[in-house]
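Just so we're on the same page: letters track the sequence lines, and every chain starts at 1.
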2 protein chains.
Amino acid sequence: MNSQETESSFLENYNIHEFDIPLTSVDMTIFTIEDDTLKILLVKRAQFPSKGEWALPGGFINLKADDTLNDTVSRKLKEKTGVEISHLEQVATYGSASRDPRGWSVTISYMALISNNNITLTADESSEEVVWLPIEEIQKNYQLAFDHSTILAECYQRLKSKVQYTSLPINLLPNTFTLSELQKTFELILGYGIEKKSFRRRLLAADIIAETGEMRVGSNRPAKLYCPKSSSKEHLFQRSIEGPRE
Amino acid sequence: MNSQETESSFLENYNIHEFDIPLTSVDMTIFTIEDDTLKILLVKRAQFPSKGEWALPGGFINLKADDTLNDTVSRKLKEKTGVEISHLEQVATYGSASRDPRGWSVTISYMALISNNNITLTADESSEEVVWLPIEEIQKNYQLAFDHSTILAECYQRLKSKVQYTSLPINLLPNTFTLSELQKTFELILGYGIEKKSFRRRLLAADIIAETGEMRVGSNRPAKLYCPKSSSKEHLFQRSIEGPRE
DNA sequence: TATCATAATGTCTTTGTGACACTAACTTAG
DNA sequence: CTAAGTTAGTGTCACAAAGACATTATGATA
């Protein structure tokens with residue numbers, strides 16, 4: 001290095017491959033609701049390492065194709081689901097020498113919520129199979145590749161805690177829904193029942209949904225259909241939802 | 001690729017340098033309180049790129065020295081402050097082709113809280129100067145290197161929102177403190193005054209601090225000294241702190 | 001037309017917070 | 001020695017929002 005060096009001359013001589021740098025990827029926990037069950041998307045790996053094992057969808061950053069991390073994630077999401085994501089949120093980043101046998105690696109995890117409109121899942125060269133599986137069953141009976149069980153657990157935890165004080169579950173439903181459907185979604189994630197009246201008071205006070213004027217007709221009293229207002233996708237409630245008192 | 005390939009033969013032939021991978025670093029927003037002011041640590045860069053500009057402390061992962069991301073962060077923290085960190089939390093990860101002139105890069109940002117016990121800051125080969133600066137002044141009058149202004153803003157935002165519903169500010173104080181000192185710390189970060197009685201009720205209900213039995217003597221009525229209980233470093237309050245009513 | 005199931009609302013109780021007045025304890029000025 | 005001043009700490013009421021639970025509303029179906 002000489003004293004005549006400028007920023008541009010420095011950059012001309014800079015070679016990224018001189019250094020040991022970690023592999024960097026993104027991984028996604030994509031939630032949806034199917035058959036009154038919270039499910040996430042898993043892929044069966046078609047390539048080494050961990051070939052044949054179940055894993056979260058994800059992949060390496062493509063330095064040519066992607067301008068930002070969000071581009072990487074959007075590209076991967078489109079590859080698997082081909083569908084518009086309702087909510088996308090970065091959760092955490094994991095890095096260590098041992099989490100991937102190929103070497104020091106870093107992965108950035110994302111949580112995505114989509115409404116299940118009979119999406120057609122598409123496998124590609126990196127995955128033999130792409131399926132929705134109930135999250136509770138994965139946590140009980142599946143051993144995921146790499147540290148994906150940990151990543152999954154942290155994303156699920158994030159979802160569960162955000163459900164206590166935000167309107168996030170709206171992103172798991174279609175564009176119109178009844179209040180009972182919305183409440184059921186909250187309860188599914190929280191793991192306990194909540195009071196109908198309090199729940200509706202919260203929604204009303206938050207002013208985040210609007211009546212569509214239409215009704216959902218079933219074999220009982222029809223229910224009003226609602227749609228989210230623009231601000232509703234992640235509204236923070238003033239207090240968090242409490243479970244039943246003892 | 002042949003059909004005889006196994007996981008171990010795959011790994012033998014795997015060369016990380018065949019691929020374009022991004023540079024990966026960590027950056028830290030280290031908060032402390034000095035002279036009743038919230039300050040963070042900045043370094044003046046001694047090397048290209050952005051030589052001479054102010055930046056958040058941080059650096060690249062050392063694949064030989066670090067086993068995990070936390071090792072990288074701990075190492076960097078020790079280099080600059082030489083001090084035990086009270087609270088450390090990953091905040092967000094930024095990646096893009098343009099954020100660093102050396103090429104596609106990813107940085108993982110951390111927020112750290114430490115109590116200011118007259119720490120001696122130490123510069124090293126990568127930084128000419130290491131100083132505590134008031135965060136408000138940085139945001140007004142400083143243009144930081146790379147996207148560090150954005151990273152700083154997001155860490156500050158994280159701190160401010162967590163102060164509303166957790167006991168995080170305890171980590172900015174020494175091991176013993178009075179309730180008034182603690183309240184002042186909350187108010188400093190929140191940016192508004194809070195009610196003494198409600199504040200104390202919350203702390204009592206949370207059961208996160210204990211009387212030491214000692215008193216702080218000044219030129220007025222002496223105040224009881226408290227110390228944190230083990231669970232107190234990030235206790236979640238049942239409701240968030242509200243500002244004054246209109 | 002009666003029954004049933006779910007939708008929607010009314011209202012009382014409980015809980016925790018903001019407001020604010022009040023008491024307590026110590027230093028300092030005179 | 002005493003009164004004034006300042007900060008520490010407590011008592012109490014009003015208010016806001018949530019839980020509990022009863023009640024009414026509205027459709028399908030037998």
Side-chain angles (χ1 to χ4, degrees), chain A residues 36 163-167 173 176-188 190-227 235-246, chain B residues 36 163-167 173 176-188 190-227 235-246:
Chain A
D36 283 334
V163 168
Q164 293 183 324
Y165 60 95
T166 74
S167 62
L173 293 177
T176 71
F177 47 84
T178 69
L179 296 184
S180 297
E181 287 163 359
L182 185 54
Q183 181 173 345
K184 207 176 282 179
T185 306
F186 272 82
E187 292 173 335
L188 196 62
L190 287 169
Y192 52 77
I194 52 184
E195 271 301 315
K196 183 163 61 170
K197 191 63 197 289
S198 338
F199 181 69
R200 289 171 185 226
R201 255 188 324 228
R202 293 169 75 93
L203 288 175
L204 198 71
D207 189 38
I208 51 176
I209 53 173
E211 297 183 15
T212 64
E214 319 243 300
M215 306 290 274
R216 165 141 310 157
V217 212
S219 60
N220 295 101
R221 175 173 174 177
K224 288 181 187 169
L225 280 171
Y226 290 81
C227 64
H235 179 270
L236 273 79
F237 294 117
Q238 298 190 18
R239 306 190 188 173
S240 39
I241 293 183
E242 292 173 33
R245 297 177 177 154
E246 322 84 69
Chain B
D36 282 334
V163 168
Q164 294 183 323
Y165 60 95
T166 75
S167 62
L173 292 177
T176 71
F177 47 84
T178 69
L179 295 184
S180 297
E181 287 164 359
L182 185 56
Q183 181 173 346
K184 209 177 278 180
T185 307
F186 272 81
E187 291 174 334
L188 195 63
L190 286 169
Y192 53 76
I194 52 184
E195 270 301 315
K196 183 165 59 171
K197 190 63 198 290
S198 338
F199 180 70
R200 289 170 183 226
R201 255 188 323 226
R202 294 168 74 91
L203 288 175
L204 198 69
D207 188 38
I208 50 176
I209 54 173
E211 297 184 16
T212 64
E214 319 245 300
M215 307 288 276
R216 166 141 310 155
V217 208
S219 59
N220 295 101
R221 174 173 176 176
K224 288 181 186 168
L225 280 171
Y226 290 81
C227 64
H235 180 269
L236 273 79
F237 293 118
Q238 297 189 19
R239 304 191 189 175
S240 38
I241 294 184
E242 292 173 34
R245 297 181 177 153
E246 323 83 69

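Nearest heavy atoms, A:I241 versus A:Y192: O-OH, 3.6 Å. Of all non-hydrogen atoms in B:A206 and B:F237, the two that sit nearest each other are CB-CE2, 3.9 Å. When all heavy atoms of A:K196 and A:Q183 are compared, the pair lying nearest together is CA-OE1, 3.6 Å.
Between B:L204 atom CG and D:dA8 atom P there is a gap of 18 Å when expressed in whole angstrom units. In this structure, the NZ atom of B:K184 is 10 Å from the C1' atom of D:dT7, given to the nearest Å. In this entry the distance linking CD1 of A:I209 with C1' of C:dA8 reads 13 Å, nearest Å. In this entry the distance linking OH of B:Y192 with P of C:dA19 reads 11 Å, nearest Å. D:dA18 atom C1' lies 13 Å from atom CZ of A:F237, rounded to whole Å. As a whole-Å value, the separation of B:Q183 CD from D:dA8 C1' is 11 Å. Between the CZ atom of A:R239 and the P atom of C:dT17 there is a distance of 8 Å, given to the nearest Å. Following rounding to the nearest Å, A:L179 (CG) and D:dA25 (P) show an atom-to-atom distance of 19 Å.
Residues B:L179 and B:I209 are in side-chain contact: their nearest non-hydrogen atoms beyond the backbone lie under 4.5 Å apart.
Residues meeting the ring pair (Phe, Tyr, Trp, His ring centres under 6.0 Å) test with B:Y165, sequence neighbours left out: none.
Identified under the salt bridge (charged side-chain N to carboxylate O under 4.0 Å, His left out) test for residues 199-208 of chain B, with sequence neighbours left out: B:D207-B:K229.
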Under 3.5 Å, sequence neighbours excluded: what are the donor-acceptor pairs made by side chains of residues 215-224 of chain A?
unit_1	atom_1	unit_2	atom_2	d
A:R216	NH1	A:E181	OE1	3.0
A:R216	NH1	A:E181	OE2	2.3
A:K224	NZ	A:E211	OE2	3.3

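Contact annotation for A:E195: base contact, defined as any heavy-atom pair under 4.0 Å involving a base atom. Among the protein residues, B:T178 comes within range of no part of the nucleic acid, since none of its heavy atoms lies under 4.0 Å from any strand.
Atom OH of A:Y226 sits about 14.0 Å away from atom CG of A:L173, to the nearest 0.5 Å. B:Q164 CD to B:L190 CG: the interatomic distance, rounded to the nearest 0.5 Å, is 6.0 Å.
Near DNA chain C, meaning a heavy atom under 4.0 Å away, the residues from residues 215-223 of chain B are B:G218, B:S219, B:N220, B:R221, B:P222.
Between B:R202 and C:dT17 there is a side-chain polar atom (N or O) within less than 4.0 angstrom of OP1 or OP2. A close approach under 4.0 Å does not occur between any side-chain nitrogen or oxygen of B:Q238 and OP1 or OP2 of C:dT15.
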Review point. Do A:T212 and A:F177 pass the side-chain contact (heavy atoms from CB on, under 4.5 Å) test, and can you show the C-alpha distance, the side-chain angles, and the key distance before you say yes or no?
Key: CA-CA 9 Å; A:T212 64; A:F177 47 84; over 6 Å; no
Can you give me the N/O atom pairs linking the protein to nucleotides 10-12 of chain D at distances under 3.5 Å, or say none if there are none?
unit_1	atom_1	unit_2	atom_2	d
D:dG11	N7	B:K197	NZ	2.6

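By the 30° and 60° cut-offs, the orientation of the rings of B:F186 relative to B:F199 is perpendicular.
Rounded to 10°, the helix from C:dT1-D:dA30 to C:dG30-D:dC1 has 10° between the axis fitted to its first five pairs and the one fitted to its last five.
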